[in-house]
Amino acid sequence: MSGRGMEEARRRDGGDPLARFRGRFHIPPGTLYMDGNSLGLASEDALASLERAAASWRDLGIRGWLEAKPDWFTYGERLGAKMAPLVGAFPDEVVLVGSTTANLHSLAATFYRPQGTRRRILADELNFPSDLYALASQVRLHGGDPERDLILARSADGRTLDEEALIALMDDTVALAVFPSVLYRSGQLLDLRRLAEAAHRRGIVIGFDCAHSAGAVPHRLHDDDADFAFWCTYKHLNGGPGSPAGLFLHRRHFGREPGLAGWFGTVKERQFDLAVDFEHQPSAGGWQMGTPCILSAAALDGALDLFAEAGMESVRAKSLELTGFLLDQAEARLTPLGFRAGTPREPERRGGHVALEHPEGWRICCALKARGIVPDFRPPQVVRLAPVALYTTFEEVERTVAALEEIVRNRKYEAFSAARAAVS
Ligand SMILES: *Cc1c(COP(=O)(O)O)cnc(C)c1O
């Protein structure tokens, strides 16, 4: 089986139209990297734009705000426009700013308006906990009680969410709904359009956390009618640790007052009038607060060029092929050893990573790392693997499966401690 797996992997690598992009990335020496959904790798392009930004600072000092190429003053808006096609938005509907959690706060502060009996926020128990912490604190800021006012939809199997069950919870006590596009643990992709349609029919504002889909799954945020969305750029988008997050705001909301205002959200031409009255830019840019983090954003500039060049549709096509191959191999070779795939099989229901569950998940991850393979671990027992379209080969997927097979068959994980590290 494993011999046939390798043959098949090599055949697919041979026909891969995106193969040429791998050479533009720095693969950490001696590693087989399967963690691009936690921190994407550095590319030549990203490092070059980062160096350009540092050189502008060195050579221009404060003049860089207007004279750097590209200028720093409109950096967030410009990167937003560059990002927009990847998520199906108009250029002025996206800005790159802050962090994912901070953007959720800013958007919830804009859209969560508890009134009368419509006071609740609807989310789900499988969402990334930072989002739930943020939403609970927003409820408290409005004088509510998260126990009562933050509803967490339950998952029937602990892995996935059923859109119909989410829709059934959208009643007239709900003011705001926030769901992930792709679930960070299982990798399930939700049907955003269906959820947005159902929410709007019931007078509910709806936003999506696209942290695990941006750069892996093409979105149509505008046409799917999301009210807002937010995502990280250091995962599938390879912007580097701490690169600014994405914020999408549907055009019909440009006239709203930003919930957390600041001077970088003001109309550009008048920002340096330093007027006492706040007038926000009628675009996602209006949702910026303070001075953009130019050096943190700079690597993303180059990283996004790779997506423009490769095309989001090709990235998705290869990503689906990689995860499909991984799931097929896992099914044949790893399920007999006690693994279970937690990721849906249907292409339209999965994002860019695969969750393999095993009761010894943590120690299996340790054993993978000892072999130079970088997965990540999510409790209670998920080995998370992200073969990334721009830099992972099918052969690497095969080698990962072979390593898992060997580790479990020969109980190699027993050599590792069950105590977990601080970052997994
Ligand atoms: C990674 C991730 C985050 C992280 O938020 P930061 O503010 O960037 O730390 C938030 N939500 C989801 C779903 C994520 O996957």
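Atoms considered below: every heavy atom in the structure, side chains included; atoms not considered: hydrogens, waters and symmetry mates. Computed from a prediction, not measured in an experiment: that's the story for all the values here. First listed ligand is number 1; within each ligand, the first listed atom is number 1.
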Query raised in the report: Contact between C232 and ligand 1, counting heavy atoms under 4.0 Å?
Result: yes

Query raised in the report: Heavy atom of Y234 under 4.0 Å from ligand 1?
Result: yes

Between [X] and [Y], a side-chain donor and acceptor under 3.5 Å:
X: S213; Y: W231; value: no
X: T266; Y: H280; value: no
X: S283; Y: R251; value: no
X: R118; Y: T173; value: no
X: D162; Y: T160; value: no

Query raised in the report: With respect to atom 14 (C) of ligand 1, which of H105, K235, R185 exhibits the smallest heavy-atom separation?
Result: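 Checking each option, the heavy atom nearest atom 14 (C) of ligand 1 is found in K235.
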
Looking at [atom], what's its closest protein heavy atom, distance included?
atom: atom 10 (C) of ligand 1; value: F128 CD2, 3.4 Å
atom: atom 7 (O) of ligand 1; value: T101 OG1, 2.7 Å
atom: atom 13 (C) of ligand 1; value: D209 OD2, 3.1 Å

Query raised in the report: Take atom CG in L274; do more than 12 heavy atoms of anything else shown fall under 6.0 Å from it?
Result: yes

Query raised in the report: Taking the six-membered ring for Trp, is the centroid-to-centroid distance between F228 and F111 below 6.0 Å?
Result: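 Yes - the distance between ring centres of F228 and F111 falls below the 6.0 Å cut-off.
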
Report task. Before signing off on this row, confirm whether H212 and ligand 1 have an N or O atom pair separated by under 3.5 Å. Result ->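 Checking ligand 1 against H212, an N or O pair does fall under 3.5 Å apart.
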
Query - Backbone or side-chain N or O of S130 under 3.5 Å from ligand 1 N or O - result: no

Query raised in the report: Which ligand 1 atoms are under 4.0 Å away from a heavy-atom of A211?
Result: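 Listed by number with element, the hits are 2 (C), 12 (C), 13 (C), 14 (C), 15 (O).
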
